[in-house]
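A short write-up of the structure that comes next.
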Amino acid sequence: MYRNLAELAHAALTAPGTGGAHAVPVRLDGVTRAAVADTCVRGDLGFALLLHRRKDGFVAEELYSSSRGDGGSWDVPDHLSGSMLGFDPTSDREIANVLRGASLVFGGESEMELYTGRPQSDEGYELLRFHQLLVTPEADHLEVEDTSPGAGGAPVRTRGAPASHFAVVVCFPGERFTVRAMTGSGTGARPLGDSWELTGPDPDQSPGARRPTPPRPSGPSAPSSVR
């Protein structure tokens, strides 16, 4: 039992094979009131997207971040943002209503200036963009391709489809990723529906200077927003 959401976020980042968070609850049910929807680790920065059922019965999402010290341990996570969902993620019917046959649906994005310590940062700080996607239950895994300018044939990464059906992708300034929901494995793997292009902030953009451009699907039509 975790005393608070920060403890749960920390446990998610320290779980074996961080990214799947198999050692922590990943689905809400009649007993579990808080669960780890997804995690994303970028270097020594870690992010955990949590879902929890509020006292009024509605489900909310919360995003936490942490940094990894020289010893490899994660610091106590900080709360970055949170909001109430417009549907119940424990209901297969409501998930299907949101997806409407799509494999990926855009769930929202936010930006925040955080300390990254990277050489190209401004005194250590950079504006990061957080994307959230709802993933079809039919997906076996997600394929993430780095299509950033200058990436030059960067390898395509694969990651397991989150049991919660929520995925979080964190982008540094100037980055661009193409995300696909996939089914099958090996040579038999194939994409399910349209892919999504997710971008980071403009490298020359000042924090809060303008609203981010929403991501767009690679296919002919854009599915509805989660909210």
Side-chain angles (χ1 to χ4, degrees), residues 12 17-22 26-27 35-43 47-49 51 61 63 85-110 128-201 212-227:
T18 295
H22 299 299
V26 295
R27 293 291 300 270
V36 179
D38 195 22
T39 58
C40 180
V41 176
R42 302 296 312 273
F47 305 89
L49 180 65
L51 300 178
E61 59 184 7
L63 183 63
L85 294 178
F87 69 102
D88 188 342
T90 66
S91 168
D92 292 340
R93 181 177 180 179
E94 291 197 30
I95 289 177
N97 286 340
V98 174
L99 287 169
R100 296 182 183 179
S103 60
L104 295 171
V105 167
F106 175 55
E109 70 175 30
S110 59
L128 305 187
R129 184 174 294 169
F130 309 93
H131 300 278
Q132 295 175 28
L133 297 170
L134 183 65
V135 183
T136 176
E138 298 177 3
D140 295 317
H141 62 276
L142 297 179
E143 186 179 86
V144 183
E145 181 181 3
D146 188 350
T147 54
S148 308
V156 176
R157 295 183 293 114
T158 60
R159 45 162 298 183
S164 67
H165 309 308
F166 284 84
V168 59
V169 179
V170 181
C171 295
F172 288 108
E175 287 187 328
R176 178 184 295 272
F177 295 106
T178 299
V179 181
R180 305 177 184 88
M182 306 289 291
T183 185
S185 60
T187 58
R190 61 179 179 84
L192 293 169
D194 297 335
S195 58
W196 278 84
E197 294 181 358
L198 307 178
T199 63
T213 302
R216 56 183 184 276
S218 299
S221 60
S224 302
S225 169
V226 169
R227 292 189 184 86

Original post:
In terms of heavy-atom contacts, does CD of E94 have more than 12 from other residues, nucleotides or ligands at under 6.0 Å?
Top reply: yes

Original post:
Does some side-chain heavy atom of F130 sit less than 4.5 Å from a side-chain heavy atom of L63?
Top reply: yes

Original post:
Can H165 and I95 be said to form a side-chain contact (heavy atoms from CB on, under 4.5 Å), step by step?
Top reply: CA-CA 9 Å; H165 309 308; I95 289 177; 3.5 Å; yes

Original post:
Would E143 and R159 satisfy salt bridge (charged side-chain N to carboxylate O under 4.0 Å, His left out), going step by step from the backbone distance to the final call?
Top reply: CA-CA 7 Å; E143 186 179 86; R159 45 162 298 183; over 6 Å; no

Subject >> Candidate pair V105 and W196, rule side-chain contact (heavy atoms from CB on, under 4.5 Å), full reasoning >> reply: CA-CA 9 Å; V105 167; W196 278 84; 5.8 Å; no

Original post:
Can you tell me how far the CZ atom of R42 sits from the SG atom of C171, to the nearest 0.5 Å?
Top reply: 7.0 Å

Subject >> Any L49 side-chain heavy atom under 4.5 Å of C40 side chain >> reply: no

Original post:
Would you say the side chain of E175 lies within less than 4.5 Å of the side chain of F177, judging by non-hydrogen atoms?
Top reply: yes

Subject >> Closest contact, heavy atoms only, H141 versus G184 >> reply: CE1-O, 3.1 Å

Original post:
So, S164 side chain and A37 main chain: donor-acceptor pair closer than 3.5 Å or not?
Top reply: yes

Subject >> S103 side chain to L192 backbone, donor-acceptor under 3.5 Å >> reply: yes

**OP:** Supply the atom-to-atom distance S195 OG to E145 CD, rounded to the nearest 0.5 angstrom.
**Re:** 8.5 Å

Original post:
Roughly how far apart are D146 CG and T178 OG1, rounded to 0.5 Å?
Top reply: 9.0 Å

Original post:
Which heavy atom in A161 sits nearest to a heavy atom in A139, and how many Å separate them?
Top reply: CB-O, 3.5 Å

Subject >> T39 side-chain N/O to A12 backbone N/O, donor-acceptor pair under 3.5 Å >> reply: no

Original post:
With a 4.5 Å heavy-atom cut-off, do P173 and L128 have their side chains touching?
Top reply: yes

**OP:** Kindly determine whether R129 and T199 satisfy side-chain hydrogen bond (donor to acceptor under 3.5 Å, both in side chains), including the steps that lead there.
**Re:** CA-CA 8 Å; R129 184 174 294 169; T199 63; 3.2 Å; yes

Original post:
Which atom names give the shortest non-hydrogen contact between P149 and G174, and what distance separates them?
Top reply: CD-O, 3.6 Å

Original post:
Does the side chain of M182 come within less than 4.5 Å of T158's, by heavy atoms?
Top reply: no

Original post:
With side chains defined as the heavy atoms from C-beta onward, is the minimum distance between Q132 and E109 less than 4.5 Å?
Top reply: no

Subject >> Qualifying residue, where the test is side chain to side chain contact (heavy atoms under 4.5 Å, CB included) with L142 and the options are V169, L133, L104, D38 >> reply: L104

Subject >> L85 and L51: CA distance, side-chain angles, deciding distance, side-chain contact (heavy atoms from CB on, under 4.5 Å) verdict >> reply: CA-CA 9 Å; L85 294 178; L51 300 178; 4.1 Å; yes

Original post:
Quick one: are V135 and F166 in side-chain contact, heavy atoms under 4.5 Å?
Top reply: no

Original post:
If you round to the nearest 0.5 Å, how far is CG of D92 from CG of L99?
Top reply: 10.5 Å

